[in-house]
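Following: one structure in structure tokens, then a few remarks.
Note that the structure is a prediction, hence the values are computed from the model and not measured. Only heavy atoms go into these numbers, but all of them, side chains included; no hydrogens, no water, no symmetry mates. Whatever order the structure lists them in is the order used to number ligands and atoms, beginning at 1.
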Amino acid sequence: MKKLLILVTAAVLAFAFFALDLNQYLTLDGMKASLGQFEARRAASPVGVGLAFFAVYVVATALSLPGAVILTLGAGALFGLGLGTLIVSFASSIGATLAFLASRYVLRDVIQRRFGSRLTAINDGMAKDGVLYLFTLRLIPIFPFFLVNLLMGLTPVKTLSYYWVSQLGMLAGTLVYVNAGTQLAQITSLSGILSPGLLLSFALLGVFPMLAKKFMNFLQSRRVYAKWQRPHTFDRNLVVIGGGAAGLVTSYIAAAVKAKVTLVEAHKMGGDCLNYGCVPSKALIKSARIANQMRHAENYGLSAIDPSFSFNKVMARVHEVIATVAPHDSVERYTELGVEVLQGYARIVDPWTVEIKLNSGATQRLTTRSIVIAAGARPFVPPLPGLDDVGYVTSDTLWDEFAKLDAPPARLVVLGGGPIGCELAQSFARLGSKVTQIEMAPRIMMREDIEVSDLARDALTRDGIDVLTSHKALRCEREGEHKFIVVEHQGVEKRIEFDALLCAVGRVARLQGYGLEALGIPTQRTVAVNDYLETLYPNIFAAGDVAGPYQFTHTAGHMAWYAAVNALFGDFKKFKVDYSVVPWATFIEPEVARVGLNEQDAKEKNIPYEVTKYGIDDLDRAIADGTAYGFVKVLTVPGKDRILGVTIVGEHAADLLAEFVLAMKHGLGLNKILGTIHTYPTLAEANKYVAGEWKRAHAPHKLLAWLARFHAWKRG
Ligand SMILES: Cc1cc2nc3c(=O)[nH]c(=O)nc-3n(C[C@H](O)[C@H](O)[C@H](O)COP(=O)(O)OP(=O)(O)OC[C@H]3O[C@@H](n4cnc5c(N)ncnc54)[C@H](O)[C@@H]3O)c2cc1C
């Protein structure tokens, strides 16, 4: 209501201005013609006319009325250079700030809501450098005054900053115009007041602060190197520390563009994903899934059987899968690709030198122009009293430790209700362990919407897992051969006996022992990097789990491109890492996959959305496959088909998601998905059907009513 009032008041005042023909005074001829009259009034009442002029100037600029230049000339003619400049400088800044505030109050929320996350980069840029941009815009008077006010009102620039930067930035232009106004009679056109030379000087003045800032940044970045001796030549263009997803992709890209690159891996090529993460966990999930299908074979008209198997063989298959995938990440393959691979432990000695303690026992030092840290993360082990005494496995150790067992642990405690905890809990439960899953938070898979967490919990419970949420692990105890974990729930302690305990409460970046401390590279939970993945030292980059914010193989690979390209070509062009469309999945059954916002995120960020949902229980192929469960849930901009985020729960959810990832990445809406032929009968049709649901909900009802009449008329 208040916004409407502001708009109406502004419209009425603007209308009155034109209706009363006041614009006649705001032309060069008009101002010249009435100057005598104004001068007589000013002589009679200098203060009154000064204040009235000031007020008129403020109102005219606040309302974005045309004629600020004429008023400025008039100020020179009426009040002379000093007083005229003083009046105009304050009046124009106050008027500009009022216009800025009106735009902010009336339009900003609407615009931010309408364009949402697409404005994030602009908002961040304006919050950081908005003052500099404003100063430039103000100094160069070719940018329309009213437009600057209106547009700046939509940005996060602070009001006080807006005021003083405007006043400072406009001062030079004000002086020129007021000065010209003192000779008003001689001015025949406005265009001549600012000569090209003067305009150029203003432009130079305008860009000066930006250039100065760039120069200061340059000096600052040089300063961090001050205490180090830079080599004159370098052995390598790039040294990459860590041979996981991030390190492999970085070094591959470097070799592909013919840089001399060395990749150092201390342990196993392929890192976590191949050896302890994605690959073994998915291999285990497959065996567990088949065991589960055998148990429920009656769903397919077959006889259900309790699978009999050797757990050793299941674990042996996991290791076979790792071994089969391993050549993709091997020393041989990367050597063939043009990467020098050194097996040993790397330590950054100075910003251009890496020392490698080779596995052979020798030590090698390499100088390099750039370094990419891709040291990954390790499982976090909580400081639980008694934990070491009872013993535990993590994702790092379980593959070897459990491979020694003849049968899966009879009673397995899984600590942690995140994706890794859920995937492993379900797998071991399906392979016969009695699993108790302990999660401190009120639900498992906390990043997902409540309905997704609930579905996941139901699925795990159906597999026989005792899912204990809002349960805090307090300590572990041992009594002879018996091992217990003590948990607390609503103030009551409970003791759970177990045979094996798997710690899956998160993974922390590897930050110690390879030189970050000596170089003073800031870390919090991860290595601190800027948008270009540069650390404190602009020639040292970090990518993958060690830098976060995501901990996925595909984000590690994605970051690697930016790290490699910025490290090798950053002198010419740097690229900001783009996290705008990041998918991920949790490979339990039913699979959960997501890209972009879910409802919980949208509410937290105050982003308006519409939900369209399609139940996969209705899908022909899912019915035929016996996987008729789950849903595709799409969040869109209200009234538009633009996708804000998608959550899919169901068979092959992560594969189905790819279509939406592509759509979001390339700005394709639900109409485009609906207009695409999807093969029948496939699970992917669910994507088209959810788009169809959206279309039905947005059918043009009035037009359809007319069409019904048209058809009735045609029938006669
Ligand atoms: C059980 C589990 C399941 C997972 N499932 C999935 C999944 O399904 N999908 C998915 O996308 N992600 C999954 N992940 C996460 C994924 O494994 C990681 O995000 C990914 O491996 C990160 O790659 P990275 O290159 O950053 O680090 P890493 O793979 O950890 O590689 C870092 C490497 O650096 C080496 N290194 C460290 N310091 C030094 C040094 N000083 N000198 C030399 N070498 C050093 C380490 O030995 C290591 O090999 C899973 C993780 C786990 C634990």
Can you find a side-chain donor-acceptor pair between [X] and [Y] that sits under 3.5 Å?
X: D458; Y: T461; answer: no
X: S580; Y: D578; answer: yes
X: E651; Y: T627; answer: no

### Query
When the ring planes of Y252 and Y334 are compared, do they come out parallel, tilted or perpendicular, using 30° and 60° as the limits?
perpendicular

### Query
Parallel, tilted or perpendicular: which fits the ring planes of H558 and Y579, with parallel below 30° and perpendicular above 60°?
tilted

### Query
Does F402 have its ring centroid less than 6.0 Å away from the ring centroid of F428?
yes

If you look at each N/O of ligand 1, which protein N/O atoms lie under 3.5 Å away, and at what distance?
| from | atom 1 | to | atom 2 | distance (Å) |
| --- | --- | --- | --- | --- |
| ligand 1 | 5 (N) | K282 | NZ | 3.2 |
| ligand 1 | 8 (O) | K282 | NZ | 2.7 |
| ligand 1 | 11 (O) | T553 | N | 2.8 |
| ligand 1 | 11 (O) | H554 | ND1 | 3.3 |
| ligand 1 | 12 (N) | T553 | N | 3.4 |
| ligand 1 | 19 (O) | D545 | OD1 | 2.9 |
| ligand 1 | 19 (O) | D545 | OD2 | 3.2 |
| ligand 1 | 19 (O) | Q551 | O | 3.3 |
| ligand 1 | 19 (O) | F552 | N | 3.2 |
| ligand 1 | 21 (O) | C273 | N | 3.3 |
| ligand 1 | 25 (O) | A245 | N | 3.0 |
| ligand 1 | 25 (O) | A246 | N | 2.9 |
| ligand 1 | 26 (O) | D545 | N | 2.8 |
| ligand 1 | 29 (O) | D272 | N | 2.8 |
| ligand 1 | 41 (N) | A346 | O | 3.0 |
| ligand 1 | 42 (N) | A346 | N | 3.0 |
| ligand 1 | 44 (N) | A266 | N | 3.0 |
| ligand 1 | 47 (O) | E265 | OE2 | 2.7 |
| ligand 1 | 49 (O) | E265 | OE1 | 2.7 |
| ligand 1 | 49 (O) | E265 | OE2 | 3.0 |

